[in-house]
Amino acid sequence: WYTSGVRLGTPALTTRGLDEQDFDRVAALVDTVLKATKPVLTSSNAASKAQYAIDAGVAEKVRTECDELLAAHPLYPGLVV
């Protein structure tokens, strides 16, 4: 009942114009998140297979970097929000 992998698609990012260097940055961000994510302990003190936690500082840093990356590659250039 638990998934054993993550599927990442690239069409949404290539549509926005991300290039090879940008994808290296995306890979580094994914790596940072995965390394900082730990399973939550269950009531029996075992590692949960369904609940995980990430350090808030790491989450905020990655969120900021993602915002910067996507701001440099707007989905609708010229649209001011």
Side-chain angles (χ1 to χ4, degrees):
W1 294 101
Y2 299 104
T3 59
S4 61
V6 176
R7 181 173 182 235
L8 301 173
T10 59
L13 298 180
T14 56
T15 297
R16 292 181 83 134
L18 275 75
D19 61 19
E20 188 174 332
Q21 285 183 325
D22 296 321
F23 275 95
D24 287 342
R25 188 170 173 198
V26 170
L29 292 170
V30 170
D31 182 62
T32 298
V33 168
L34 292 176
K35 286 180 177 175
T37 302
K38 306 292 181 217
V40 173
L41 296 180
T42 64
S43 58
S44 62
N45 214 29
S48 174
K49 293 182 181 178
Q51 293 183 320
Y52 293 82
I54 184 170
D55 176 84
V58 172
E60 185 59 34
K61 178 180 180 261
V62 170
R63 184 177 298 114
T64 299
E65 289 187 41
C66 287
D67 288 345
E68 291 170 2
L69 183 60
L70 295 177
H73 301 281
L75 185 55
Y76 300 107
L79 179 65
V80 179
V81 200

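Hydrophobic clustering places F23 together with L69 (ILVMFWY residues linked when any side-chain heavy atoms are closer than 4.5 Å, directly or through intermediates).
Note: Q21 CD to D24 CG = 7.5 Å, rounded to the nearest 0.5 Å. E60 CD to E65 CD: the interatomic distance, rounded to the nearest 0.5 Å, is 11.0 Å. Atom CG of D55 and atom NZ of K61 lie 11.5 Å apart (nearest 0.5 Å).
Closest non-hydrogen pair, P39 versus S48, comes out as CB-O, 3.5 Å. Counting all heavy atoms, side chain and backbone alike, R16 lies closest to L75 at NH2-N, 3.5 Å. Scanning all heavy atoms of the two residues, the minimum distance from K38 to K35 falls at NZ-O, 3.1 Å.
You'll find the side chain of L13 stays beyond 4.5 Å of the side chain of D22, heavy atoms only.
Under a 4.5 Å side-chain heavy-atom criterion applied to ILVMFWY residues, the cluster that includes V33 comprises L29, I54, V58, V62 as well.
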